[in-house]
Amino acid sequence: MKTKLTKQLESTLYQYCLEQGAYVVEEVAMPADKGIVDTLSYQQLPDGQIEWRCYELKVTKADFHSKAKLSFIGHYNYFVLPQQLYLEVQSEIPDHIGVLIYRAFDQRALELAPQPLRTPGFLTVAKKAQRQDLQVEQTPLISHFITSLFREVDKAKRVKKGLQLYSDDQLFKELRKRASTGYDVYDPEQNLYDRFIDDTQNDAVTALQTELDARNAEYQTLKLKYQALTAPDLRDQLLALTTPIYVDGCMIC
């Protein structure tokens with residue numbers, strides 16, 4: 001499972017590549033059994049040439065020293081690292097591999113931003129990558145790139161269509177899985193299960209109150225109709241009692 005920091009690096013790198021004018025996708029399986037690159041970008045240069053860039057994201061020293069294959073097959077290849085990790089491992093980075101440093105925006109910057117920021121932080125070039133020849137055939141690489149793009153488009157379409165695509169059983173299993181990440185007794189509002197139950201109960205109370213109000217209004221209407229049918233109409237008698245009687249021009253009370 002990706003850590004919060006990994007996701008921050010990933011989303012920031014995605015926006016960084018877009019701003020460079022490149023097409024980008026995460027987790028692309030390389031042809032010729034060259035592993036899986038964290039992020040791959042494709043950019044057509046003004047002279048018509050295609051430029052490929054590979055990015056490997058690392059957030060801890062153990063992650064950096066992982067035995068997982070590094071898929072640095074592009075024309076330019078980069079590590080994307082938090083600043084502190086870069087200081088710890090910079091002597092181990094090959095000369096031809098570049099480095100992008102990630103820095104998170106502080107809370108003050110987020111509050112002062114005139115509009116919501118698209119990324120949680122920003123990237124700076126700590127070390128430029130040296131160009132190398134593409135290490136795989138370009139035609140199958142394009143095919144793998146398109147396959148990964150389709151995967152992301154399919155995921156986006158599923159999200160857009162919403163939860164209607166999933167059965168109740170699938171949704172329940174997902175709720176249980178997310179709830180299993182740990183229960184925070186000190187901050188219940190952060191627990192998915194508690195939030196779900198609270199929302200469900202609030203919706204139920206609101207629905208019941210609406211129904212009760214409607215039935216009370218109906219009851220009052222029926223009550224008035226019943227009283228009109230059963231209560232005697234004394235208006236004529238009251239009118240007779242209050243109307244003066246005249247005999248030979250004299251009023252008799």
Same apolar cluster: Ile97 and Phe64, side chain cutoff 4.5 Å: yes
Go through the steps to decide whether Val25 and Thr147 satisfy the test side-chain contact (heavy atoms from CB on, under 4.5 Å), and finish with yes or no. CA-CA 10 Å; Val25 67; Thr147 299; over 6 Å; no
With a 4.5 Å heavy-atom cut-off, do Tyr76 and Arg131 have their side chains touching? yes
Spacing of CG belonging to Leu208 relative to CZ belonging to Arg215, to within rounding of 0.5 Å: 11.0 Å
Got more than 12 heavy atoms from elsewhere within 6.0 Å of CZ, Arg103? yes
Which value, rounded to the nearest 0.5 Å, describes the distance between Phe150 atom CZ and Lys157 atom NZ? 9.5 Å
Out of curiosity, Leu57 CG to Thr6 OG1, how far, rounded to the nearest 0.5 Å? 7.0 Å
Under the salt bridge (Lys or Arg N to Asp or Glu O under 4.0 Å) criterion, do Lys155 and Glu152 qualify, and how do the steps go? CA-CA 5 Å; Lys155 285 164 56 177; Glu152 296 303 312; 3.4 Å; yes
Does a donor on one side chain sit under 3.5 Å from an acceptor on the other, for Asp213 and Gln209? yes
How about His65 and Glu92: do any of their side-chain heavy atoms sit closer than 4.5 Å? yes
Nearest-0.5 Å distance, CD1 of residue Ile142 to CD1 of residue Ile50: 6.5 Å
Can you name the closest pair of heavy atoms from Cys54 and Gly74 and give their distance? SG-N, 3.5 Å
How are the rings of Phe105 and Phe122 set relative to one another: parallel (under 30°), tilted (30 to 60°) or perpendicular (over 60°)? tilted
A side-chain contact here means heavy atoms from C-beta on lying under 4.5 Å apart; do Tyr78 and Val99 qualify? no
Check Lys58 against Leu9 and note the closest heavy-atom contact, atom names and distance. O-CD2, 4.1 Å
With a 4.5 Å cut-off on side-chain heavy atoms, are Arg53 and Asn77 touching? no
At what distance, to the nearest 0.5 angstrom, does SG of Cys17 lie from OH of Tyr42? 15.0 Å
Under 3.5 Å, is there a donor-acceptor pair between the side chain of His75 and the main chain of Glu51? no
Minimum side-chain heavy-atom gap Thr124-Leu100 below 4.5 Å: no
Any donor-acceptor pair under 3.5 Å from Ser66 side chain to Ala62 backbone: no
Hydrophobic cluster membership, with links at side-chain heavy-atom distances under 4.5 Å among I/L/V/M/F/W/Y: are Val28 and Ile146 in one? yes
Is there a continuous path of hydrophobic side-chain contacts, each under 4.5 Å between heavy atoms, that joins Leu117 to Leu5? no
Answer yes or no: are there more than 12 heavy-atom neighbours, outside Asp133 itself, under 6.0 Å from its atom CG? no
What's the verdict on side-chain contact (heavy atoms from CB on, under 4.5 Å) for Lys225 and Thr221, showing C-alpha distance, side-chain angles and the deciding distance? CA-CA 6 Å; Lys225 289 182 178 180; Thr221 300; 4.1 Å; yes
Return yes when atom CD of Glu137 has more than 12 non-hydrogen atoms of other residues, nucleotides or ligands closer than 6.0 Å, and no otherwise. no
Roughly how far apart are Leu18 CG and Tyr23 OH, rounded to 0.5 Å? 10.0 Å
In the structure I gave you, are the side-chain heavy atoms of Gln84 and Leu87 within less than 4.5 Å of one another anywhere? yes
If two hydrophobic side chains count as joined below 4.5 Å and joins carry through other members, does Leu85 share a cluster with Val59? no
Would one find more than 12 heavy atoms of other residues, nucleotides or ligands at under 6.0 Å from atom NZ of Lys127? yes
Count I, L, V, M, F, W, Y as connected when their side-chain heavy atoms are under 4.5 Å apart, and connections chain through other members. Are Leu70 and Val89 then in the same cluster? yes
Distance-only, no hydrogens or angles: does the Gln43 side chain make a donor-acceptor pair with backbone N or O of Gln20 under 3.5 Å? yes
Taking C-beta and beyond as the side chain, do Asp38 and Tyr55 meet within less than 4.5 Å on heavy atoms? no
With no hydrogens and no angle check, is any side-chain donor or acceptor of Gln132 less than 3.5 Å from a backbone partner on Phe72? yes
If you apply the rule salt bridge (Lys or Arg N to Asp or Glu O under 4.0 Å), what do you find for Glu56 with Lys69, and how did you get there? CA-CA 10 Å; Glu56 293 285 353; Lys69 186 180 295 184; over 6 Å; no
With a 4.0 Å cut-off, would you call Lys2 and Glu27 a salt bridge? yes
Side chains of Met30 and Leu40 in contact at under 4.5 Å (non-hydrogen atoms): yes
Would you call the rings of Trp52 and Phe145 parallel, tilted or perpendicular if under 30° counts as parallel and over 60° as perpendicular? perpendicular
Could you pull out the closest heavy-atom pair between Leu149 and Val24, with the gap in Å? CD2-O, 4.0 Å
Answer yes or no: is there a donor N or O on one side and an acceptor on the other, between the side chain of Gln138 and the main chain of Val136, under 3.5 Å? no
